[in-house]
Colleague: 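This structure is in structure tokens; I'll ask about it shortly.
Just so we're on the same page: letters track the sequence lines, and every chain starts at 1.
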Protein chains: 2
Amino acid sequence: MRQNVPVPLDRSSAGDPARTLELLWRVPAGTPRRGPRKRLDIDAVVAVAIGLADADGLDAVTMRRVAQRLGVVPMTLYTYVPGKAELLDLMLDTAYLRMSRTDTAGRPWRDRLTAVAEENRALFEAHPWAATISTGRPPLGPGMMAKYEHELSALDGLGLHDVEMDAALTFLLTFVQANARSAAEARQVRQDSAMDDEQWWAANAPVLDRVLDPGAYPTAARVGSAAGAAQRAAYSPEHAWEFGLRRVLDGLAALIDGRAGSVETGPGAR
Amino acid sequence: MRQNVPVPLDRSSAGDPARTLELLWRVPAGTPRRGPRKRLDIDAVVAVAIGLADADGLDAVTMRRVAQRLGVVPMTLYTYVPGKAELLDLMLDTAYLRMSRTDTAGRPWRDRLTAVAEENRALFEAHPWAATISTGRPPLGPGMMAKYEHELSALDGLGLHDVEMDAALTFLLTFVQANARSAAEARQVRQDSAMDDEQWWAANAPVLDRVLDPGAYPTAARVGSAAGAAQRAAYSPEHAWEFGLRRVLDGLAALIDGRAGSVETGPGAR
DNA sequence: CAGTACACCGTACTACGTACAGAGTAATTC
DNA sequence: GAATTACTCTGTACGTAGTACGGTGTACTG
């Protein structure tokens, strides 16, 4: 069983950042290669790693398993990738590169930001592991750059300063990622404990009843049971998403709609 | 480098939620103890674990190290705690229990929610590891309950339904935690790579210049350099916090101030 | 006093990332 | 053509983690 466990924020990029960048951008080797031909390439390694992560989560991505899938011994991977941290960078940038990017030019800013949010949500739905990789030092690869450019353009021309544009985007993306992490953690916990929420509550209820001073937590009891009932109606993740996104957009509206300067500024939706 | 918790394939009921709850609430043993006296107690174990985590991060909390600090052999800990996951639950609930809780009754809702946000921010500043523990299944201990009750009461009487109160609180706390996680990740990466942001950028810049098609990412280049300059002014984490919290509150204002029903409903601040 | 439940400990297993040294291969140099 | 050299691939092994298992001695119950 595994209950609350540190969320695995892999990645450290202990190696040389310049080397990592060259890998991300697939900079070809300078001197002609001498020894035996390579039997694999980086893309194959990354593809297998992504496949494992998609299927069984980030924990399933071990150097040993990736190697096995490729028919080589674990240490062979180190001729393609300096270490696991860099492999995770490559996975993430690849996922970024393959995201769908809707062109919303000319549409009201709410539509544009909603599209950005939903593109990211779709990313995390297709690749839940992507939400759990630390982005403390983002992989500055082609995927990341394309993503950043695309998403910033949704905030351009709204009368925000450059620093505000970056802050607003960070704010939006942080919300989406936090939501995706919650979902990933819920999945993880369900899998690790081999117990769904219903069973977990059923196991807890009798002890809680015995231990909890009734009346000590009046608001919590009232709200918690209402929220619990709502969640049992398979309501919860979708609800948190919709509720949160509306708040995020309303929060940005107070900033954006207050600014003069753009024909694209529309009235707050709904 | 971070390690993963092995997932026990068999042994389904090894980690019993009821047992965890009893630990959290310090339910005393039923039958009189027979064998040798205990030389420790749970609180000592938890205190040492928290001390390690505060000082050197969650990675420093290993059963071996905790045991060593207590002058016992690692396996001895298992008489006090079923496993590491439960120890983390206990640490988290203890941190929750010790949080400061300001009484803001009667004050405008923005002040009250700001206080809640700042209490949580202070928690994560004192115990950065607390932000990185999965709350997929929250520890339903005395700390968690007190925290939930306190924070919900800040949202009571504003004309929100119970489900909305829960959603609004989750939204606020998710923001605070996401911020704290970013900070923790930044710290972690700085420590793991033994390289500060300045050095990292310096190492990346030459390769980026060589690899990046100038003009391919116009918005990103403009905004990125503006944001980068702002961050270099030691501006960034504080800025993200202030910017984000204002958006969060403005977003909630659109919900709360639209509701009739409470004298406490004040005009949007700032 | 015998029996027993329990605290504590030593050993060992599995899984991880990866350091290191060796073997074989193909391009370069003579 | 032969020697050199750079490179790929491999086998072994180290250190760290959580914790299963079985043994030993203790202090209470009958």
Side-chain angles (χ1 to χ4, degrees), chain A residues 1-6 8-16 19 28-42 44-45 49 52-53 56-89 192, chain B residues 1-15 28-42 44-45 49 52-53 56-68 70-89 192:
Chain A
M1 115 129 191
R2 137 150 108 175
Q3 193 114 278
N4 293 338
V5 117
L9 288 177
D10 298 85
R11 162 174 219 259
S12 57
S13 260
D16 174 16
R19 177 77 206 289
T31 50
R33 302 242 138 276
R34 205 177 288 205
R37 298 280 153 69
K38 294 196 175 198
R39 299 213 282 256
L40 310 168
D41 57 36
I42 303 190
V45 175
L52 282 169
D56 302 315
L58 207 52
D59 287 354
V61 180
T62 69
M63 299 304 266
R64 284 167 164 84
R65 263 195 281 263
V66 172
Q68 194 178 20
R69 284 266 175 116
L70 290 163
V72 295
V73 96
M75 285 310 293
T76 301
L77 298 180
Y78 289 86
T79 49
Y80 296 92
V81 157
K84 191 177 177 181
E86 288 79 3
L87 177 55
L88 292 173
D89 277 350
D192 288 347
Chain B
M1 187 61 32
R2 192 177 280 269
Q3 220 60 10
N4 299 322
V5 175
V7 352
L9 291 166
D10 34 12
R11 201 164 337 270
S12 54
S13 67
T31 50
R33 304 239 138 278
R34 204 176 287 203
R37 299 280 156 69
K38 293 198 177 200
R39 298 214 282 258
L40 309 169
D41 57 37
I42 303 190
V45 175
L52 282 169
D56 302 315
L58 207 53
D59 287 354
V61 180
T62 69
M63 300 303 267
R64 284 168 167 84
R65 263 195 282 264
V66 172
Q68 194 178 21
L70 290 164
V72 294
V73 97
M75 285 312 291
T76 300
L77 297 181
Y78 289 86
T79 48
Y80 295 93
V81 158
K84 190 176 178 182
E86 288 79 3
L87 177 55
L88 292 173
D89 276 348
D192 286 352

Colleague: Summarise protein proximity over nucleotides 7-13 of chain C in one line of letters, 5' to 3': B for base, S for sugar-phosphate only, - for none, counting protein heavy atoms closer than 4.0 Å.
Modeller: SSBB-B-
Colleague: A:Leu87 CG to C:dC16 P: how many Å, rounded?
Modeller: 14 Å
Colleague: Can you tell me how far C1' of D:dA20 sits from CE of B:Met63, to the nearest Å?
Modeller: 13 Å
Colleague: Can you check whether B:Leu70 reaches B:Thr76 side chain to side chain, under 4.5 Å on heavy atoms?
Modeller: no
Colleague: Look only at the side chain of B:Arg65 and the backbone of B:Ala60, and say whether a donor-acceptor pair between them is shorter than 3.5 Å.
Modeller: yes
Colleague: Locate the shortest heavy-atom distance separating A:Ala67 from A:Leu77; write the atom from each residue and the value.
Modeller: N-CD1, 3.8 Å
Colleague: Do you know the tightest heavy-atom contact between A:Met63 and A:Gly83?
Modeller: CE-C, 4.4 Å
Colleague: Closer than 3.5 angstrom, by distance alone: can the side chain of B:Tyr80 be matched with the main-chain N or O of B:Leu40 as a donor-acceptor pair?
Modeller: yes
Colleague: Considering heavy-atom distances to DNA chain D, does A:Pro74 or B:Gly83 have its closest nucleotide positioned more toward the 5' end?
Modeller: A:Pro74
Colleague: To the nearest angstrom, how far is A:Leu77 atom CG from C:dG17 atom P?
Modeller: 10 Å
Colleague: Once you round to the nearest 0.5 Å, how far does CD1 of A:Ile42 lie from CG of A:Leu87?
Modeller: 10.0 Å
Colleague: In this structure, how many angstroms lie between the C1' atom of D:dT8 and the CG atom of A:Leu70, rounded?
Modeller: 15 Å
Colleague: Rounded to whole angstroms, how far apart are CZ on B:Arg65 and P on D:dT16?
Modeller: 9 Å
Colleague: Describe the nucleic acid contact of A:Val61 in one word from base, sugar-phosphate, nothing, applying a heavy-atom distance below 4.0 Å.
Modeller: sugar-phosphate
Colleague: Just the table, please: protein N/O against nucleotides 2-4 of chain C N/O, every pair under 3.5 Å.
Modeller:
none

Colleague: Round to the nearest Å and state the distance from B:Lys84 atom NZ to D:dT16 atom C1'.
Modeller: 11 Å
Colleague: How close or far is atom P of D:dG22 from atom OH of B:Tyr78, stated in whole angstroms?
Modeller: 17 Å
Colleague: In this structure, how many angstroms lie between the C1' atom of C:dC16 and the CG atom of B:Asp59, rounded?
Modeller: 14 Å
Colleague: Under 4.5 Å between any side-chain heavy atoms of A:Glu86 and A:Arg19, yes or no?
Modeller: no
Colleague: Output the distance between atom OG1 (A:Thr62) and atom NZ (A:Lys84), rounded to the nearest 0.5 Å.
Modeller: 6.5 Å
